[in-house]
Amino acid sequence: MSTYGPGLIRSTLGWLEERAGLGGAIGPVMDHPVPRSTASWWYVFGSATLALFVLQIATGICLALVYVPSADGAYQSLLYLNFQAPFGWFLRAVHFWGSNAMVAIMTVHMIQVFLFGAHKYPRELTWIVGVFLFLCTLGMAFTGQILRWDQDAYWGLGIGASIASRAPGVGDTLVQVLLGGPIIAGRTLSRFFAVHVFLVPGILIGMIGLHLWLVLRQPRGQRLELDLESL
Amino acid sequence: MTPASQSRRGFLFRLGIFLNVLGAALVGVPVVGYVFGAARRRTDGQSWIELGKVERFPAGETRLATYKNPISVAWDGATAKVACWVRHIEGDRFQVFAVNCAHLGCPVRWFAQSRLFMCPCHGGAYYEDGSRASGPPPRGLFEYEYQVRDGVLWARGGQLPTLSRPV
């Protein structure tokens, strides 16, 4: 006879743990004590950025259920989203403000890490991956703005293409690859949709996993502890 | 003992690597060709475009003209339409300027009173003949080739003019 209530939950978790071993792998790191001086709000910005990223995924999937990534339908579908889809206006607004907040909070996170000297040995690699995460996030902000397909999007692309064209030697090729053709048109929007929804988020998720792995391998305050012990 | 280079295991291992590389190439070559195919041009991206009857552009004036992108697709929507500035000097003498500023591609606007093209983004300014007047643009306006045929003005365009590939 099987048990019910807390017993059932415990046996289910036990079944999972026996097979996946996640608790055994993560538990010690989560339980790892940190020095009192690092129990501070200054360390909240990395987690805050991650929370915003999860928010962007959730609202982004909702927007993609309605949004039409075609140059002749994108703007219409946004009007529908704003005025007809239930809570569409809200989800779109959250996605917009979430993206701004993610860039802002991530910048604060980067400044905090730098000012605390937390990018130094043994966490250089965490910093390097973080820099690429920062660039990818800026890329998400730019490509996301393109998807509105309004005047800002169109002329923003003109500026992006003009900047790309200044790359020595490969400028013209870069413009063509960026725009998906010789001029800003329907193929440009399809391209930016694919980059915004598939390519960069995939890279981001992979790199966040790596970033978190590195953070867990070099928990905060660890060096300090070792120094104290050696005294 | 047979050396690894001659053993059945070594052979199958190398065969496995070869098959994996082959599989990666079978997928990779079309993907790279597809993504970067946009950069390969069958033509130079330019074609002759009809801008309208010469009478639409009074001599001594500069007017905005729009045309349909010659390589548009059905779902381009409003972005199939491209604008350019037409300056009719006199008779068959014209100048056709791309709307894009030579600095960062923003749309310049013609101000008839001051006889200047001005860019809203960073304050680039051009004289009526398209030459640079002031501001960040490194050169004058991009200028299309033109023709007058049977009283109709044609220009040669179709791509976004940039510094690396001015029209």
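Reminder, nothing fancy here: chain letters follow the sequence lines and each chain counts from 1.
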With chain A as the partner, which of Val82(B), Asn100(B), Leu163(B) has the greatest number of non-hydrogen pairs under 4.5 Å?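 Option with the greatest count: Leu163(B).
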Quick one: of Pro107(B), Ala74(B), Ala80(B), Cys121(B), who has the most non-hydrogen atom pairs under 4.5 Å with chain A?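 Among Pro107(B), Ala74(B), Ala80(B), Cys121(B), the one with the most close pairs to chain A is Pro107(B).
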Taking the side chain as everything from C-beta on, heavy atoms only, tell me whether Phe36(B) gets closer than 4.5 Å to Thr173(A).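 No. Closest side-chain heavy atoms not under 4.5 Å.
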Flag the pair Ile71(B) / Arg187(A) as yes when at least one side-chain heavy-atom distance between them is below 4.5 Å, and no otherwise.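 Yes, their side chains come closer than 4.5 Å.
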Got more than 12 heavy atoms from elsewhere within 6.0 Å of [atom1], [X]?
{"X": "Arg19(A)", "atom1": "CZ", "result": "yes"}
{"X": "Phe116(A)", "atom1": "CZ", "result": "yes"}
{"X": "Tyr75(A)", "atom1": "OH", "result": "no"}
{"X": "Arg149(B)", "atom1": "CZ", "result": "yes"}
{"X": "Tyr127(B)", "atom1": "OH", "result": "no"}

The interface call for Pro161(B) against chain A, heavy-atom contacts under 4.5 Å, is neither
Is Pro138(B) in contact with chain A via its backbone, its side chain, both, or neither, using a 4.5 Å heavy-atom distance? side chain
Looking at every non-hydrogen atom in both residues, tell me the closest pair between Gly171(A) and Ser164(B) and how far apart they are.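 Looking at all heavy atoms of both residues, the shortest contact is C-OG, 3.6 Å.
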His103(B) and Arg166(A) have their tightest heavy-atom pair at O-NH2, 2.6 Å
Would you find a donor on one side and an acceptor on the other, under 3.5 Å apart, between the side chain of Arg191(A) and the backbone of Val35(B)? yes
Tell me, with the steps shown, if Leu189(A) and Trp75(B) meet side-chain contact (heavy atoms from CB on, under 4.5 Å). CA-CA 10 Å; Leu189(A) 177 59; Trp75(B) 55 91; over 6 Å; no
Name the member of Asp72(A), Leu179(A), Val175(A) that forms the most heavy-atom pairs with chain B at distances under 4.5 Å.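 Result: the option with the highest number of such pairs is Asp72(A).
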If you count heavy-atom pairs under 4.5 Å with chain B, which of Gly158(A), Ser165(A), Ser162(A) comes out on top?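 The residue among Gly158(A), Ser165(A), Ser162(A) with the greatest pair count is Ser165(A).
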CD1 on Ile163(A) to OG1 on Thr162(B), rounded to 0.5 Å: 12.5 Å
Going from CD1 on Ile184(A) to OG1 on Thr79(B), what distance comes out if it is rounded to the nearest 0.5 angstrom? 9.0 Å
